[in-house]
2 protein chains.
Amino acid sequence: MAKHDPDLSALFHALSDPTRRAMLARLAAGPLTVTELAAPTGLRLPTVLKHLGVLEAAGLIASAKDGRIRTCAFVPGALAPARDWMEAQRSLWEARLDRLEAYVMQLMKEGGHDQ
Amino acid sequence: MAKHDPDLSALFHALSDPTRRAMLARLAAGPLTVTELAAPTGLRLPTVLKHLGVLEAAGLIASAKDGRIRTCAFVPGALAPARDWMEAQRSLWEARLDRLEAYVMQLMKEGGHDQ
DNA sequence: ATCATGCTTAGCCATACGGCTTAGTAACAC
DNA sequence: GTGTTACTAAGCCGTATGGCTAAGCATGAT
């Protein structure tokens with residue numbers, strides 16, 4: 001498998017799981033502790049911690065431990081690279097449409113009466 | 001594992017692989033055949049076809065066979081759900097900031113002696 | 001000191017993923 | 001027809017993923 005773009009791969013992979021997306025959505029509304037995050041999932045703590053590890057490795061959340069309680073928080077800018085990449089694809093596509101249009105215009109100018 | 005959001009899961013999963021992202025990027029610039037797509041990857045055809053299957057299942061590309069040649073094309077709107085989801089998280093985050101700000105304003109108006 | 005809480009570590013298990021090979025099948029070229 | 005080209009189908013292999021249990025380890029409460 002290719003080795004470049006570890007960031008985007010980790011980002012998209014982290015987002016590809018519904019459990020992780022749900023956690024991220026809850027964190028976007030405000031910080032939560034690990035147990036609070038686990039509560040609505042029906043999953044065991046170790047499983048939840050693995051998900052949090054994936055999210056944190058992708059840079060989507062940050063966490064800090066105060067006493068025995070770990071609090072997790074959404075990292076606001078983290079989704080930007082993913083958004084940028086998708087935007088780049090859209091741009092590519094539109095550039096192609098523009099070239100097509102330019103080509104058609106050219107044809108029309110050159111051969112006004114032919115089809 | 002949770003069962004909702006199969007679309008987003010498939011979408012993000014499809015995007016989580018660098019090979020697939022590279023293929024999608026090339027397709028965003030214009031349609032290509034399977035062999036053309038495979039060429040720069042260094043991967044075998046069956047492997048490439050699996051990747052194409054993932055991309056197509058996610059709705060990111062469409063393909064059609066003409067004679068013995070299958071041509072693949074970028075599907076422009078397909079990234080929108082992913083972008084929308086990410087935008088929703090950003091909104092959540094900003095709503096939270098707004099509430100925080102409103103709260104602070106309230107504290108300041110009251111003179112800050114109690115809650 | 002003892003116990004409860006909250007997280008952590010280690011490891012098991014089944015399935016999915018990303019790569020491969022080998023062997024087809026369907027169209028075009030001669 | 002024979003062969004070549006372009007894709008497809010089937011299945012193997014090693015690793016990663018997503019879930020679990022069981023046990024450990026701090027910290028806070030009694």
Cut-off 3.5 Å, no hydrogens considered: what does the side-chain donor-acceptor table look like for residues 44-56 of chain B, sequence neighbours left out?
{"unit_1": "His51(B)", "atom_1": "ND1", "unit_2": "Arg20(B)", "atom_2": "NH1", "d": "3.1"}
{"unit_1": "Glu56(B)", "atom_1": "OE1", "unit_2": "Ser63(B)", "atom_2": "OG", "d": "3.2"}
{"unit_1": "Glu56(B)", "atom_1": "OE2", "unit_2": "Ser63(B)", "atom_2": "N", "d": "3.2"}
{"unit_1": "Glu56(B)", "atom_1": "OE2", "unit_2": "Ser63(B)", "atom_2": "OG", "d": "3.2"}

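- With sequence neighbours excluded, the residues satisfying side chain to side chain contact (heavy atoms under 4.5 Å, CB included) with Ala82(A) are Leu11(A), Phe12(A), Met86(B).
- As a whole-Å value, the separation of Arg20(A) CZ from dA16(D) P is 15 Å.
- Once rounded to the nearest 0.5 Å, the distance linking CD of Glu94(B) with CG of Leu92(B) reads 10.5 Å.
- For Ser91(B), the side chain to side chain contact (heavy atoms under 4.5 Å, CB included) partners at least two apart in sequence or on another chain are Glu87(B).
- Every pair passing ring pair (Phe, Tyr, Trp, His ring centres under 6.0 Å) that includes a residue from residues 54-75 of chain A is listed here, sequence neighbours excluded: Phe74(A)-Trp93(B).
- Once rounded to the nearest 0.5 Å, the distance linking CE of Met23(B) with CG of Leu43(B) reads 6.5 Å.
- Look at CD on Glu56(B): it is 14 Å from C1' on dT8(D), rounded to the nearest Å.
- Rounded to a whole Å, the NE2 atom of His13(A) is 11 Å from the P atom of dC17(C).
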Give the B/S/- string for nucleotides 20-30 of chain C, one per nucleotide from 5' to 3', where a protein heavy atom under 4.0 Å of the base yields B, of only the sugar-phosphate yields S, and otherwise -. BBB----BS--

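- Separating the CG atom of Leu49(A) from the C1' atom of dT21(D) is a distance of 15 Å, rounded to the nearest angstrom.
- Rounded to an integer number of Å, the gap from Asp17(B) CG to dT17(D) P is 12 Å.
- In this structure, the NE2 atom of His51(A) is 14 Å from the C1' atom of dA16(D), given to the nearest Å.
- What separates CG of Leu32(B) from C1' of dA6(D) is a distance of 15 Å, to the nearest Å.
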